[in-house]
Amino acid sequence: MLPPKQNFSEWFHEIIQQAEIMDIRYPVKGLYVWCPFGFKIRQLVYSKLRELLDRDHDEVYFPALIPETELGKEGEHIKGFEDEVFWVTHGGLEPLDVKLALRPTSETAMYPIFKLWIRSHADLPLKVYQIVNTFRYETKHTRPLIRLREITSFKEAHTAHRNYEEAEEQVREAVKLYKEFYDFLAVPYLIFRRPDWDKFPGADYTIAFDTIMPDGRTLQIGTVHHLADNFAKTFDIKYETPDGDHAYVHQTCYGISERCIASLISIHGDDLGLILPFEVAPIQIVVIPILYKGKEAQVEELSRRLFEKLKGYGYRVLLDASDERPGAKYYKWELKGVPIRFEIGPKEAEKGDVVVSFRDEKKKFSISFDEVTKERIERWAEELKQRLRNRAIEMAKSKIGFFENLDDLANWIERRGVGLIYLCGSTECGEVVEEKAKGSVLGRFEEIPDWLEGFEYKGRCIVCGGEGYLTGVAKTY
RNA sequence: GGGGCCGUAGGGUAGCCUGGUUAUCCUCCCGGCUUUGGGAGCCGGUGACCCGAGUUCAAAUCUCGGCGGCCCCA
């Protein structure tokens, strides 16, 4: 039994363990173990991410250890990370001459090598990515998948281009890619341009994807940074132009971590457990035989035939022949988020029928064995995802409100979720809002989602009355 | 950064204040019987006092230190 999802924090903590996503008993704060089932979800989700990136990025691997001398080169960057870096200070008993940082992110590991790889305009654009672990010494409350000292599944992409505009074009490409990824997971998102005081250390600007969790706080689930030539100047990454001149590259980087799985679990799950879209479910279909004494043979035979047929279609299917009672099996596979369930009892075996039920709906119906076709299952899977998407969007909408005074905004953020306001870009006005509303300014919309209708992009700043932009404010994870 | 609470089988707990028999109960797990259309029942079984030092005839219980976890405030 899970606690109700209403009590989100407790629900999340429990579902992670009960659905066997992570084992949280590892004896170091902020480090957790991926269980086999959780790791399969990770593998399925990340193979989609890989598929998207592999279209025009190359996968690489850079080392986890970064010498202090490199990490410290870019002034803004190191200032942003210095209080949360883990250091390797000894080799055996010998203190190291140059301390080694466990990467908090890989810019400073990669860019000295980019300098060697990039020589001419023909080497550009360079687009690579890696999926690796990163380390941050979090002092606040750590939480599996959400706030970690070892991020185990950081997909970071890094690109280099000839000029600012081409890098900016890549930023738009990356945003498109991430939209496709989260649409695939049926996870709704808001895309903001982070305010200057909250951008990635060393970036020209940062665009972030936020989703709205069931408790109304937002979770940052993806970021895209335009680095301009800031790092290129620091690491001396230059190329020879067609004219024979030398110019600094302009760079971007963008990342997604296992928070994407936190959002997948949190947005779709319910009081009974996980609800997974068909494509990322480790078990897509479960077949449950209902064995009455004396009538086992027929039921077992039809169940077996159905199992073989589904396997033949290439699905991840499980025939649950364990000796638990059917009800116990229903609960078990609902907890694990299996999208489609077939039940076969004596009645079905008699007629050659199967009972079908979907994870997100209460009702059951029955169809004949022969009507179970690959086309039908594909359609069910697509319909299921559409229902998940609609439900998630409705939930997101219910947690978004628009405000023209700060007290109402504060009240909404306290109780419900994301407040929208008009805000100018100044730090002063931003500080006033964060102070009064007890939330973080997420930034102005980079694009307003099509499911949020009726908002003008520009309006009068809620603080100073000057020209402002539609801006999100919320409590954040 | 400041303050508080807690550590007992795989999970959740009682016992600790007031030291003393075989360490409580639920769940999970294992074996058997029985049952199977929404978490069945009965019988039997495995499994624990975070680590170290101290006090004491005697420590899960008291003291100190370490490690680990949780909460609140800034």
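Residue numbers start from 1 in every chain, and the chains themselves are labelled A, B, ... in the order their sequence lines are given, proteins ahead of strands. For the numbers below, each heavy atom of this structure counts, side chains included, while hydrogens, waters and symmetry mates do not.
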Dump every N/O contact between nucleotides 26-31 of chain B and the protein below 3.5 Å, one line per pair.
none

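- Residue A:Met1 contributes atom CE, which lies 13 Å from atom C1' of B:G38 at whole-angstrom precision.
- A salt bridge links A:Arg304 to A:Glu308: at least one charged side-chain nitrogen sits closer than 4.0 Å to a carboxylate oxygen.
- A donor atom on one side chain and an acceptor atom on the other are found under 3.5 Å apart for A:Glu258 and A:Thr152.
- The heavy-atom pair separating A:Leu335 from A:Gln18 by the smallest distance is CD2-O, 3.5 Å.
- Taking atom OH on A:Tyr330 and atom P on B:U36, their separation rounds to 13 Å, with Å as the unit.
- When the nucleotides B:U36, B:G39, B:G38 are ranked by their closest atom to the side chain of A:Ala328, B:G39 comes out on top.
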Give every donor-acceptor pair under 3.5 Å between a side-chain atom in residues 417-425 of chain A and any protein atom, sequence neighbours left out.
from, atom 1, to, atom 2, distance (Å)
A:Tyr422, OH, A:Glu456, O, 2.6

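- Rounded to whole Å, atom P of B:U36 lies 6 Å from atom OH of A:Tyr292.
- Within 4.0 Å of A:Glu334, counting heavy atoms only, lies at least one base atom of the nucleic acid.
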Show the distances under 3.5 angstrom between N or O atoms of the protein and N or O atoms of nucleotides 10-14 of chain B.
from, atom 1, to, atom 2, distance (Å)
B:G10, O3', A:Arg25, NH1, 2.8
B:G10, O2', A:Arg25, NH1, 2.5

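- A:Arg143 comes within 4.0 angstrom of no nucleic acid atom, judged by non-hydrogen atoms across all strands.
- The base-pairing partner of B:U13, taking Watson-Crick or G-U wobble contacts with both distances under 3.5 Å, does not exist among the strands shown.
- Looking at the side chain of A:Tyr331, the nearest of the listed nucleotides B:G37, B:G39, B:U35 is B:G39.
- Within 6.0 Å of NZ in A:Lys48 there are more than 12 heavy atoms belonging to other residues, nucleotides or ligands.
- Put simply, NZ on A:Lys364 is 7 Å from C1' on B:G38, counting in whole angstrom units.
- Between A:Arg325 and B:A40, a side-chain N or O to OP1/OP2 separation shorter than 4.0 Å is present.
- Remark: A:Glu404 CD is loosely packed, at most 12 non-hydrogen atoms of other residues, nucleotides or ligands lying under 6.0 Å away.
- B:C25 and B:U13 have their C1' atoms separated by 7 Å, with the value rounded to a whole Å.
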Q: For side chain to side chain contact (heavy atoms under 4.5 Å, CB included), just list the numbers for A:Val299 and A:Ile290, CA-CA rounded to whole Å, side-chain angles, deciding distance to a tenth of an Å, and then say yes or no.
A: CA-CA 7 Å; A:Val299 169; A:Ile290 297 161; 5.6 Å; no
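- Here B:G31 sits opposite B:C43 as a Watson-Crick or G-U wobble pair (both hydrogen-bonding atom distances under 3.5 Å).
- Base-pair partner of B:G37: not found among the strands shown (Watson-Crick or G-U wobble, both distances under 3.5 Å).
- Counting heavy-atom neighbours within 6.0 Å of A:Lys40 NZ, excluding the residue itself, gives a total of 12 or less.
- In summary, A:Arg341 and A:Glu334 engage in a salt bridge, as defined by a charged side-chain N under 4.0 Å from a carboxylate O.
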Q) Should A:Arg259 and A:Thr211 be marked as a side-chain hydrogen bond (donor to acceptor under 3.5 Å, both in side chains) after you check the CA-CA gap, both sets of side-chain angles, and the distance that decides it? A) CA-CA 10 Å; A:Arg259 280 183 165 199; A:Thr211 196; over 6 Å; no
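- Residue A:His77 holds its NE2 atom at 8.5 Å from OH of A:Tyr111, rounded to the nearest 0.5 Å.
- Nucleotide B:U36 holds its C1' atom 16 Å from the CD1 atom of A:Ile344, rounded to whole Å.
- We find that NZ of A:Lys347 is positioned 14 Å from C1' of B:U36, with the value rounded to whole Å.
- What separates CG of A:Leu2 from P of B:G39 is a distance of 17 Å, to the nearest Å.
- Using a 4.0 Å cut-off between charged nitrogen and carboxylate oxygen, A:Glu446 and A:Arg193 count as a salt-bridge pair.
- The partner of B:G52 is B:C64, judged by Watson-Crick or G-U wobble contacts that both fall below 3.5 Å.
- When the C1' atom is compared between B:U61 and B:G19, the two are found 6 Å apart, to the nearest whole Å.
- Paired with A:Leu264 under the rule side-chain contact (heavy atoms from CB on, under 4.5 Å), one option of A:Leu185, A:Leu274, A:Ile221 passes, and it is A:Leu185.
- Taking atom C1' on both nucleotides, B:C17 is separated from B:A53 by 24 Å, rounded to a whole Å.
- Residue A:Lys293 places at least one side-chain N or O under 4.0 Å from the OP1 or OP2 atom of B:U35.
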**Q.** Reading 5' to 3' through nucleotides 43-48 of chain B, protein heavy-atom contacts under 4.0 Å coded B for base, S for sugar-phosphate only, - for none
**A.** ------
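- The pair A:Arg194-A:Asp210 counts as a salt bridge, with a side-chain nitrogen and a carboxylate oxygen less than 4.0 angstrom apart.
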Q. What one-letter contact string describes nucleotides 69-74 of chain B from 5' to 3', where B marks a base within less than 4.0 Å of any protein heavy atom, S marks contact via sugar-phosphate atoms alone, and - marks no contact?
A. S-S---
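- Looking at A:Arg416 and A:Asn411, their side chains never bring a donor and an acceptor atom within 3.5 Å of each other.
- Between A:Phe402 and A:Phe455, the ring planes are tilted. Angles from 30° to 60° get that label.
- On the C1' atoms, B:U24 is 7 Å away from B:G15, given to the nearest whole Å.
- A heavy atom lying under 4.0 Å from RNA chain B marks none of the residues of residues 296-311 of chain A.
- Shown here is A:Lys374, whose NZ atom has more than 12 heavy atoms of other residues, nucleotides or ligands within 6.0 Å.
- There is no side-chain donor-acceptor pair under 3.5 Å between A:Tyr205 and A:Asp196.
- Toward the 5′ end of RNA chain B lies the nearest nucleotide of A:Thr139, the other residue of the pair A:Thr139 and A:Glu343 mapping further downstream.
- Whole-Å rounding puts the A:Ile290 CD1 to B:A40 P distance at 13 Å.
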